[in-house]
**Q** 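Input: one structure, supplied below.
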Amino acid sequence: MDTKTVIRWNLRQVMAENGIFQTSDLVEPLRQRGVEISRQMVHRVVTKTPQRINVDLLAALCDILDCTPNDLLELRHEQARSAPAAGETGPGTGPGIGDLRPVRARVRRPDE
């Protein structure tokens with residue numbers, strides 16, 4: 001297998017560690033630091049790995065979350081692997097924040 005270098009964007013995880021769970025909670029702190037971006041753009045920056053990031057935005061995020069750029073941007077060397085087959089589960093195959101994964105809900109009928 002080949003290895004490939006990737007950047008992992010940890011903004012959502014760092015936000016959760018600081019007790020910030022809604023993307024809209026960043027709009028006003030960013031504005032106070034001179035970064036004027038819309039709620040929609042903040043949502044995109046939080047939920048998707050950006051291809052480019054403004055240095056002023058990165059500095060403001062680090063100030064708000066009391067972290068360093070290394071906490072937000074993690075350089076990783078991963079082995080290139082094939083895509084999982086349909087229905088296959090395992091670590092890293094589902095949505096989540098870092099190592100956290102949602103737990104499937106189970107609906108039960110009340111006993112009659």
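Being a predicted model, the structure only gives us computed values, none of them experimental.
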**Q** Between CG of Leu11 and OG1 of Thr49, what distance do you get to the nearest 0.5 Å?
**A**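 Those atoms lie 10.0 Å apart.
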**Q** Under 3.5 Å, is there a donor-acceptor pair between the side chain of Trp9 and the main chain of Glu74?
**A**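 Looks like no, no N/O pair under 3.5 Å.
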**Q** Grab the two heavy atoms, one from Thr47 and one from Arg12, that are nearest each other, plus how far apart they are.
**A**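 Closest approach of Thr47 to Arg12: CG2-NH2, 3.0 Å.
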**Q** Quick check: does any side chain N or O of Asn18 sit under 3.5 Å from a backbone N or O of Ile20, one acting as donor and the other as acceptor?
**A**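 Side chain of Asn18 to backbone of Ile20: no pair is present.
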**Q** Can you see which heavy atom on Val42 is nearest to which on Thr23, and at what distance?
**A**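 Here Val42 and Thr23 meet closest at CG1-O, 3.3 Å.
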**Q** Is there a path from Val6 to Val45 through hydrophobic residues (I, L, V, M, F, W, Y) whose side chains come within less than 4.5 Å of each other?
**A**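 In one cluster with Val6: Val45, no.
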**Q** Going only through I, L, V, M, F, W and Y residues with side-chain contacts under 4.5 Å, is there a path from Leu73 to Val55?
**A**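 In one cluster: no.
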**Q** Can you tell me which residue pairs pass the side-chain hydrogen bond (donor to acceptor under 3.5 Å, both in side chains) test with a partner in residues 57-72, sequence neighbours excluded?
**A**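 Matches after skipping sequence neighbours: Arg33-Asp63, Thr68-Asp71.
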**Q** Is Asp25 reaching over with its side chain to a backbone N or O of Phe21, donor-acceptor style, under 3.5 angstrom?
**A**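 No: the side chain of Asp25 does not pair with the backbone of Phe21.
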**Q** Salt bridge (charged side-chain N to carboxylate O under 4.0 Å, His left out): which pairs involve residues 37-49, sequence neighbours left out?
**A**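 Of all non-adjacent pairs touching residues 37-49, none passes salt bridge (charged side-chain N to carboxylate O under 4.0 Å, His left out).
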**Q** Just how far is it from atom CD of Glu78 to atom CG of Asp2, taken to the nearest 0.5 Å?
**A**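 Rounded to the nearest 0.5 Å, the CD-CG separation comes out at 13.5 Å.
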**Q** Rounded to the nearest 0.5 Å, what separation is found between the CD1 atom of Ile7 and the CD1 atom of Ile53?
**A**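 Answer for the CD1-CD1 pair, Ile7 versus Ile53, is 11.0 Å.
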**Q** Would you compute the distance between atom CG of Leu57 and atom CG of Leu26 and round it to the nearest 0.5 angstrom?
**A**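 Atom-to-atom, Leu57:CG and Leu26:CG are 9.0 Å apart.
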**Q** Test Leu61 against Leu30 for side chain to side chain contact (heavy atoms under 4.5 Å, CB included), laying out the working first.
**A** CA-CA 7 Å; Leu61 289 171; Leu30 286 170; 4.2 Å; yes
**Q** Which heavy atom in Arg76 sits nearest to a heavy atom in Arg8, and how many Å separate them?
**A**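 Looking at all heavy atoms of both residues, the closest pair is NH1-NH1, 3.1 Å.
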**Q** Assess the residue pair Thr3 and His77 against the criterion (side-chain hydrogen bond (donor to acceptor under 3.5 Å, both in side chains)); give the C-alpha distance rounded to whole Å, side-chain angles, the decisive distance to 0.1 Å, and a yes or no.
**A** CA-CA 6 Å; Thr3 59; His77 301 284; 5.8 Å; no
**Q** Looking only at non-hydrogen atoms, find the nearest pair between Leu72 and Cys67 and report the distance.
**A**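 Of all heavy-atom pairs spanning Leu72 and Cys67, the closest is CG-SG, 3.9 Å.
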**Q** If you take all heavy atoms of Val27 and Ile37, which pair is closest and at what distance?
**A**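 The pair with the smallest heavy-atom distance is CG1-O, 4.4 Å.
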**Q** Nearest heavy-atom pair of Pro69 and Cys62: which atoms, and what distance?
**A**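 Here Pro69 and Cys62 meet closest at N-SG, 3.5 Å.
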